[in-house]
Trainee: 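Below are the structure tokens for one structure; questions will follow.
In what follows, chains are A, B, ... by sequence order, proteins preceding strands, each numbered from 1. Keep in mind that this is a model prediction, so the values were computed, not measured.
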Amino acid sequence: MKIASFNVNSVKARLPNVLAWLGEAKPDVCLLQETKTEDHGFPRLEFEDLGYNLALHGQKTYNGVAILSKQPLDDVVRSLPGDANDTEARYIEAFTGGIRVASVYVPNGQAVGSDKFRYKLGFLARLKTHAASLVGLEEPVAIGGDFNVAPDDADVHDPAAWRDQVLCHPEERAAFRRISHLGFTDALAALAPGGHAYTWWDYRAGAWPKDHGLRIDHILLSPKAADRLKSAGVDRKARGQEKASDHAPVWCELAES
DNA sequence: ATGGTCGCGCTGCGA
């Protein structure tokens, strides 16, 4: 079973790229982030034509997450518990093909010390609480998405330049570790030790041709899922296409149960 | 080079 995660930066603007990549990579499950459209405007038919069922949680202009699966999607959850005032579309979860999967778009945080940074830390704390309730389930669990955190200096092209900046600040790295330390395996880190498995390159300043990337997209596997981990990777080629997202897709392959 | 480029949706915001 192949599970992928892809921050597409607008599913409408990226439709040809995403469809072409799905046709090549053929994931069984794909977690999308930054779809940037309300559910009624989501290009459903194009994905259904490739054999995917859809679960959507979108909003206008910003954010938006989705799950594509070749298997039926059951028990869909469309918000992260813990803050009734949080209306941003950043979380969706479902049970499909014998595994519970979640697509998460963690807030960027904008700048350390800002209100948005505090919102990010609060979101990560809520995600930890919810992940703790998932890790103890009988079913395997995969939480994938754009975490907007580079866990380690090895995940950053220039750690000195990024030190204490948003995406790399010790407080958000600690918040990420509190989640993984619940018992999750970072699939990319487990199979690409030593880093340089970047997943995001800024559109600006020629970051992509210079490979000035960060590893901020992750797939976290519960113990029952991690026991089945066979391989994982980043599809860098997608980042080099015309009209590419600023993120590359990440994926992992699990052995059949 | 303290800049740069996207997407959304029509002005500047978010990333």
Trainee: What is the distance, to the nearest angstrom, from the CG atom on Leu15(A) to the P atom on dC8(B)?
Mentor: 12 Å

Trainee: If the threshold is 4.0 Å, N to carboxylate O, is there a salt bridge linking Asp155(A) and Arg173(A)?
Mentor: no

Trainee: Evaluate the side-chain proximity of Asp235(A) to Pro249(A): yes if any heavy-atom separation is below 4.5 Å, no if none is.
Mentor: yes

Trainee: Side chain of Arg90(A) only, heavy atoms from C-beta on: which candidate in dA15(B), dC8(B), dG14(B) is closest?
Mentor: dA15(B)

Trainee: Answer yes or no: does a side-chain N or O of Lys116(A) lie under 4.0 Å from OP1 or OP2 of dG14(B)?
Mentor: yes

Trainee: Tell me the interatomic distance from His212(A), atom NE2, to dT5(B), atom C1', rounded to whole angstroms.
Mentor: 16 Å

Trainee: Of the candidate nucleotides dC8(B), dG4(B), dG14(B), which contains the atom at the shortest distance from the side chain of Arg204(A)?
Mentor: dG4(B)

Trainee: Between Ile3(A) and Val234(A), is there a shared hydrophobic cluster once you connect ILVMFWY residues whose side-chain heavy atoms come closer than 4.5 Å?
Mentor: yes

Trainee: By the 4.0 Å heavy-atom rule, please label Arg239(A) as base, sugar-phosphate, or nothing.
Mentor: nothing

Trainee: Which is more 5' along DNA chain B, the nucleotide nearest Asn7(A) or the one nearest Ala13(A)? Just name the residue.
Mentor: Ala13(A)

Trainee: How many whole angstroms separate atom CH2 of Trp208(A) from atom C1' of dC6(B)?
Mentor: 16 Å

Trainee: Specify the separation, in whole Å, of atom CG of Asp202(A) and atom P of dA15(B).
Mentor: 13 Å

Trainee: For a quick check of understanding: with a heavy-atom distance under 4.0 Å over all strands, which category does Lys243(A) fall into, base, sugar-phosphate or nothing?
Mentor: sugar-phosphate

Trainee: Which comes earlier along DNA chain B counting from the 5' end, the contact point of Lys60(A) or that of Tyr203(A), where each point is its nearest nucleotide?
Mentor: Tyr203(A)

Trainee: Using the C1' atom in both, what is the distance from dG3(B) to dA15(B), to the nearest Å?
Mentor: 16 Å

Trainee: With rounding to whole Å, what would you report as the distance between dA1(B) and dT5(B) at their C1' atoms?
Mentor: 15 Å

Trainee: Please confirm whether the shortest side-chain N or O distance from Arg14(A) to OP1 or OP2 of dG7(B) is below 4.0 Å.
Mentor: yes

Trainee: Please determine, by modelled atom types, if Tyr91(A) and Asp86(A) share a side-chain donor-acceptor pair under 3.5 angstrom.
Mentor: no

Trainee: Whole-Å distance between dG14(B) P and Leu167(A) CG?
Mentor: 16 Å

Trainee: Strictly below 4.0 Å, N to O, side chains only: are Asp153(A) and Arg163(A) in salt-bridge contact?
Mentor: yes

Trainee: Starting at OH of Tyr62(A) and ending at P of dC8(B), how long is that distance when rounded to a whole Å?
Mentor: 11 Å

Trainee: Can you check whether Ser10(A) has a side-chain N or O nearer than 4.0 Å to OP1 or OP2 of dC8(B)?
Mentor: yes

Trainee: Rounded to whole Å, please give me the gap between CD in Gln59(A) and C1' in dC13(B).
Mentor: 14 Å

Trainee: Starting at CD of Glu34(A) and ending at P of dG7(B), how long is that distance when rounded to a whole Å?
Mentor: 11 Å

Trainee: Distance between the C1' atoms of dG14(B) and dC10(B), in whole angstroms?
Mentor: 16 Å

